[in-house]
**Q** 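What follows is a single structure, and I will ask about it in a moment.
What you are looking at is a predicted structure, and each value in this text was computed from that prediction instead of being measured.
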Amino acid sequence: QVQLVESGGGLVQPGGSLRLSCAASGTRFSFTTMGWFRQSPGKEREFVARVMTGHITKYAESVEGRFTISRNSVQNTINLQMNSLKPEDTAVYYCTGSMRGRDYWGQGTQVTVSS
């Protein structure tokens, strides 16, 4: 079965950095698109970043220039390097991937930015 597992969340001070990872397993096929969404209490889940085939990336305006999404083919993971974190970045971050017309989601990892 295809599985996505996030890791790397935690508590960080404003201006700090955090790296999230998402490990994909259970398939011989490659994801067409992988990315990150986030959701805060009382808010709808919002797009953060994605990487497509050919390493084409897109970012939400709110994180552009601060976050970087990348692939690690050796470890079969994608990463989200988050720099200059702000309190408004606090959310549960979800890894997602699309493959063969189907979407897959991880369980999420909590990121809290607070002084």
**Q** Apply the test side-chain contact (heavy atoms from CB on, under 4.5 Å) to residues Gln3 and Thr27: give CA-CA distance (whole Å), side-chain angles for both, the deciding distance (0.1 Å), then the verdict.
**A** CA-CA 9 Å; Gln3 185 178 37; Thr27 180; over 6 Å; no
**Q** Please round to the nearest 0.5 Å and tell me the distance separating atom OG of Ser40 and atom OH of Tyr93.
**A** 7.5 Å
**Q** Count the heavy atoms belonging to other residues, nucleotides or ligands that lie under 6.0 Å from CD of Glu44, then report whether that count exceeds 12.
**A** no
**Q** Indicate yes or no: at least one non-hydrogen side-chain atom of Ser114 is less than 4.5 angstrom from one of Leu11.
**A** yes
**Q** Does any non-hydrogen side-chain atom of Arg50 lie less than 4.5 Å from one of Met52?
**A** yes
**Q** Any side-chain heavy-atom pair from Leu4 and Glu6 closer than 4.5 angstrom?
**A** no
**Q** So how far is it from Arg38 CZ to Gln110 CD, rounded to the nearest 0.5 Å?
**A** 12.0 Å
**Q** What distance separates Phe67 CZ from Tyr59 OH, expressed to the nearest 0.5 Å?
**A** 10.5 Å
**Q** Could you grab the distance from atom CG of Leu18 to atom CD of Gln13, nearest 0.5 Å is fine?
**A** 12.5 Å
**Q** State, yes or no, whether a side-chain contact exists between Cys95 and Trp36 at a heavy-atom distance under 4.5 Å.
**A** yes
**Q** Nearest 0.5 Å please: distance from the OG1 atom of Thr96 over to the CD1 atom of Ile78.
**A** 8.5 Å
**Q** Rounded to the nearest 0.5 Å, what's the gap from OG on Ser62 to CD on Glu46? Could you check?
**A** 5.5 Å
**Q** Are there over 12 heavy-atom neighbours, none belonging to Gln107, within less than 6.0 Å of that residue's CD?
**A** no
**Q** What are the two closest heavy atoms between Asn83 and Ser17, and how far apart are they?
**A** OD1-OG, 2.9 Å
**Q** When hydrophobic residues are tied together by side-chain contacts of less than 4.5 Å, even through go-betweens, does Val63 share a cluster with Val12?
**A** yes
**Q** Can Val111 and Thr90 be said to form a side-chain contact (heavy atoms from CB on, under 4.5 Å), step by step?
**A** CA-CA 5 Å; Val111 172; Thr90 296; 5.9 Å; no
**Q** Output every pair passing salt bridge (charged side-chain N to carboxylate O under 4.0 Å, His left out) with a member in residues 93-107, not counting sequence neighbours, ordered by first then second residue.
**A** none
**Q** Do Thr32 and Met99 have side chains that get closer than 4.5 Å, going by heavy atoms?
**A** no
**Q** Does the pair His55 and Arg71 meet the rule for a side-chain contact (heavy atoms from CB on, under 4.5 Å), with working shown?
**A** CA-CA 8 Å; His55 300 278; Arg71 293 179 173 177; 3.7 Å; yes
**Q** May I ask you to check if Arg45 and Tyr94 form a cation-pi contact, with NZ or CZ under 6.0 angstrom from the six-membered ring centre and within 45° of the axis?
**A** yes
**Q** If you define the side chain from C-beta out and look only at heavy atoms, does anything of Val48 sit under 4.5 Å from Leu80?
**A** yes
**Q** Ring-plane angle category for Tyr104 and Phe31, please: parallel below 30°, perpendicular beyond 60°, tilted otherwise.
**A** perpendicular
**Q** Can you see whether Asn79 engages Gln81 through a side-chain donor-acceptor pair at a distance of less than 3.5 angstrom?
**A** no
**Q** Under a single-linkage definition using a 4.5 Å side-chain heavy-atom cutoff for Ile, Leu, Val, Met, Phe, Trp and Tyr, are Leu20 and Val92 assigned to the same hydrophobic cluster?
**A** no
